[in-house]
Undergrad: 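The following block contains the structure, expressed as structure tokens.
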Amino acid sequence: MFKRHILFFSNLFEKCALIAIYCWPPEIGFVHMACSFSFCQVVSAGCSAHGPASKNLYITTITVNGKSFVVQNDFSMRDTEEMENEVEFDEGEEPSFSDPEDFVDDISDQELLGDVLREKPQEADGIDSVIVVDNVPQVGPDRLEKLKNVIHKIFSKFGKITNEFYPEADGKTKGYIFLEYSIPSHAHEAVKNADGYKLDKQHTFRVNLFTDFDKYMTISDEWEPPEKQPFKDFGNLRHWLEDPDCRDQYSVIYDSGEKTGIFSNDVKEPIEVEERARWTETYVRWSPKGTYLATFHQRGIALWGGEKFKQIQRFSHQGVQLIDFSPCERYVVTFSPLMDTKDDPQAIIIWDVLTGQKKRGFHCESSAHWPIFKWSPDGKDFSWSPGDNIIAFWVPEDKDIPARVTLMQLPSRNEIRVRNLFNVVDCKLHWQKNGDYLCVKVDRTPKGTQGIVTNFEIFRMREKQVPVDVVEMKEGIIAFAWEPNGSRFAVLHGESPRINASFYHVKSNGKIDLIKMFDKQQANSIFWSPQGQFLVLAGLRSMNGALAFVDTSDCTMMNIAEHYMASDVEWDPTGRFVVTSVSWWSHKVDNAYWLWTFQGRLLQKNNKDRFCQLLWRPRPPSLLSQEQIKAIKKDLKKYSKIFEQKDRLSQSKASKELVDKRRTMMEEYRKYRESAMKMYQEQRPLRLELRGGVDTDDLDSNVDDWEEETIEFFINEEIIPIGDL
């Protein structure tokens, strides 16, 4: 009965006021309920009984503006003064609050007090905001206050600290402390950023959530072997490297994305390896070593490989748009703008390629600078250097503090080089492919001058103390690119139509020489061959596809050509061929891809309906040592003769195939002519009958009826001077 009355109160009024309802008998306890009166203010409320239990039971008394009212079990409200006049109490008789014997309580506590139970304090409330910091210096009372100030300064950066506890023993701190933040997210931020913080040479913090200790304590002491997974044979994932003719492969998306094909490159015409309809929903990506082909779908990413391109792995990431592989192909990073929550970050996810398991998720507000994470060459640490575990970063100027470029070694976090810069507007970092050099493009506004001046700060990474050389340019910079395997770099600078292409060489004696400058170039992009030495200066899109093929060994222009409205340039992994293309994604007509030699000689024009994308399949690093590669280069003439002979045999084979094809066509024509002549002779009587007996098969039979007519016309005139005779 009592529960029913409380349920009535929770739905009786509309606006909020807090009423404390005290209930009798004591074992029922008390509850707080939120109800309201639109016409009065509740001052207090209490529980009492009026009248004999067998007649009237009034469970609640409320006071409104100094006047008391009683709510009866029929939910009516009456003035207590009137009730006192009506009812006489027998003070000697205790009222009964028991329910009838046949009463069935069909309302659960959750239904009745759900909102109250949800706010019931839990034993573990608050501990998810507590962190444990280990490896803290052990100090006595004389140094404790100083330690607290240092700790507070470090950890208050992550949020408001509401409580601190420093356990002590034998007059000293124990070497670990407890910090409580105002909200759990601040504690998580502290763990993420302060774990591994080096306070001094002897003390490096280890930071964990207090709740993690429960998790670690529940781990079984007995090791259970993982369940054995069945072996899946995907075939030879590097079968294309066994091609006897060493043909490279590339992927092509066409028909506005409806079809995707894999082709082997051949000088004469591409050889189809695999083609599928709706293989991907947007575009494709190859892994860094060419082992996997990644296709994009609304629900996630699929990886394909092997001789028949079987599906190897799937990663479920709704609305995925971008991916990035680690150099070792062990991990893949995916980005989706759709799935991200505060408690479960899923905008960026790192996956294990072999197992398909999610390693970690991250929040991300923008993917404007993709890839957001950079991998070190071994795939173990995030880094910016392609050759070593070194990151490069710059910090903008702050008031009187200059901008700073820092090279830091990981995981030791040792700063191996710091360079201060002044009047900096922006910086861009460009690593050479092998990590031998770092170029920091610095846009500055010198004092007393107008406009922006660009400095190229060249860091020599392989030399002691990392010396820095500077190249200054006062013209606007359009493009910059390092030679992949060398010490040269190219720069496009100036403004259209006077765009200059300059080539520089970083010498070992500490000088940077200008090798050559080509002026008035129609170019906005630089594409180096993967092997270096050769490059293409391209004027893409708005520059109508102008192409210049350059040999930087002597800075000669090998060829100047044009692929109208070209949108992309792609070198093959060997550096022998280059493809220019007009993508349907950027231009709706003239969609095709053209194959060129590195010297700029056009080999093929492949027109594909609504062609979208072409990507060469990468090759893994060579298994040969540097000594073996040098030996091959030394004996290159010997190998060249073998390859030239093979090319001649290939051409002879092609000629033989062409002759055989023509001979087959001639034989088919001969058979067709014989059958046609046979039919012609069989129809001769019918022709004579239709033409009244005149035989028109042999026109020479009516020579007497012919008439001869001679027609003369002027062909040319030649004048020969008499003096020359």
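For reference, positions follow the sequence shown, starting with 1. Remember, it's a predicted structure, so these values are computed and weren't measured experimentally.
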Undergrad: Please work out whether the ring planes of Phe611 and Tyr593 are parallel, tilted or perpendicular, with thresholds of 30° and 60°.
TA: tilted
Undergrad: Can you tell me if Gln311 uses its side chain to pair, donor with acceptor, with the backbone of Ala302 under 3.5 Å?
TA: no
Undergrad: For the pair Trp240 (side chain) and Gln249 (backbone), establish whether a donor and an acceptor sit closer than 3.5 Å, ignoring hydrogens and angles.
TA: no
Undergrad: Report yes if the side chains of Asn455 and Val453 come closer than 4.5 Å at any heavy-atom pair, otherwise no.
TA: yes
Undergrad: Is it the case that atom CZ in Phe393 sees more than 12 heavy atoms from other parts of the structure closer than 6.0 Å?
TA: yes
Undergrad: For Leu241 versus Pro620, what's the shortest heavy-atom pair and its separation?
TA: CD1-CG, 3.7 Å
Undergrad: Is atom NZ of Lys289 surrounded by more than 12 heavy atoms (other residues, nucleotides or ligands) closer than 6.0 Å?
TA: yes
Undergrad: I'd like to know if the side chain of Asn434 and the backbone of Asp436 have a donor-acceptor N/O pair within less than 3.5 Å.
TA: no
Undergrad: Has the side chain of Glu483 got a donor or acceptor atom that lies under 3.5 Å from a matching backbone atom of Pro530?
TA: no
Undergrad: Give me the ring orientation class for Phe480 and Trp482: parallel if the planes are under 30° apart, tilted from 30 to 60°, perpendicular past 60°.
TA: perpendicular
Undergrad: Val578 vs Phe527, test: side chain to side chain contact (heavy atoms under 4.5 Å, CB included). Steps then yes/no.
TA: CA-CA 10 Å; Val578 63; Phe527 297 94; over 6 Å; no
Undergrad: Please lay out, stage by stage, how Arg419 and Phe459 fare under the test side chain to side chain contact (heavy atoms under 4.5 Å, CB included).
TA: CA-CA 10 Å; Arg419 184 168 177 83; Phe459 291 71; 4.0 Å; yes
Undergrad: For Arg498, is there any backbone N or O sitting under 3.5 Å from a side-chain donor or acceptor partner on Asp519?
TA: no
Undergrad: Test Asp590 against Met565 for side chain to side chain contact (heavy atoms under 4.5 Å, CB included), laying out the working first.
TA: CA-CA 8 Å; Asp590 300 328; Met565 294 306 296; 5.7 Å; no
Undergrad: Check this for me: Arg276, atom CZ, are more than 12 non-hydrogen atoms of other residues, nucleotides or ligands nearer than 6.0 Å?
TA: yes
Undergrad: Between Glu242 and Asn236, is any side-chain donor less than 3.5 angstrom from a side-chain acceptor?
TA: yes
Undergrad: Do other residues, nucleotides or ligands put more than 12 heavy atoms under 6.0 Å from Glu495 CD?
TA: no
Undergrad: Using modelled atom types only, decide if a donor and an acceptor are shared between the side chain of His317 and the backbone of Gln346 within a distance under 3.5 Å.
TA: yes
Undergrad: Keeping to residues at least two apart or across chains, list the salt bridge (charged side-chain N to carboxylate O under 4.0 Å, His left out) pairs with something in residues 295-323.
TA: none
Undergrad: Between Trp279 and Trp304, how do the two ring planes meet: parallel, tilted or perpendicular, split at 30° and 60°?
TA: perpendicular
Undergrad: Above 12 or not: heavy atoms from other molecules or residues under 6.0 Å from CD of Gln522?
TA: no
Undergrad: In terms of ring plane angle, is the pair Phe518 and Phe503 parallel, tilted or perpendicular, where the classes change at 30° and 60°?
TA: perpendicular
Undergrad: Using side-chain hydrogen bond (donor to acceptor under 3.5 Å, both in side chains) as the criterion, point out the one residue from Lys507, His505, Arg488 that pairs with Asp513.
TA: Lys507
Undergrad: Does the Glu562 side chain pair with the main chain of Tyr564, one donor and one acceptor, at a distance under 3.5 Å?
TA: no
Undergrad: Count the heavy atoms belonging to other residues, nucleotides or ligands that lie under 6.0 Å from CZ of Arg462, then report whether that count exceeds 12.
TA: yes
Undergrad: Say whether, by atom type as modelled, one donor and one acceptor occur between the side chain of Ser336 and the main chain of Gln318 under 3.5 angstrom.
TA: yes
Undergrad: For atom NZ of Lys428, decide whether the heavy atoms of other residues, nucleotides or ligands shown that lie under 6.0 angstrom number more than 12.
TA: no
Undergrad: I want to check a possible cation-pi pair here: Lys433 against Trp431, using under 6.0 Å from ring centre and within 45° of the ring axis as the test.
TA: no
Undergrad: Within a radius of less than 6.0 Å around CD of Gln628, do more than 12 heavy atoms belonging to other residues, nucleotides or ligands occur?
TA: yes
Undergrad: Under the criterion side-chain hydrogen bond (donor to acceptor under 3.5 Å, both in side chains), which of Asp568, Asn544, Thr580 is the partner of His563?
TA: Thr580
Undergrad: Determine whether Trp286 and Ser251 satisfy the following criterion, side chain to side chain contact (heavy atoms under 4.5 Å, CB included), listing intermediate values before the conclusion.
TA: CA-CA 9 Å; Trp286 292 102; Ser251 62; 3.3 Å; yes
Undergrad: Taking the six-membered ring for Trp, are Trp571 and Phe534 ring centroids under 6.0 Å apart?
TA: no
Undergrad: Measure across Leu438 and Ala392 and return the closest heavy-atom pair with its distance rounded to 0.1 Å.
TA: CD2-CB, 3.8 Å
Undergrad: Please list all pairs passing the salt bridge (charged side-chain N to carboxylate O under 4.0 Å, His left out) test where one or both residues lie in residues 347-362, with sequence neighbours left out.
TA: Arg330-Asp352, Asp344-Lys358
Undergrad: Is Ser581 reaching over with its side chain to a backbone N or O of Ser583, donor-acceptor style, under 3.5 angstrom?
TA: no
Undergrad: Can you tell me if Glu281 uses its side chain to pair, donor with acceptor, with the backbone of Gln298 under 3.5 Å?
TA: yes
Undergrad: Could you tell me if the ring centre of Tyr250 sits under 6.0 Å from that of Trp616?
TA: yes
Undergrad: Between NZ of Lys441 and CG of Asp426, what distance do you get to the nearest 0.5 Å?
TA: 6.5 Å
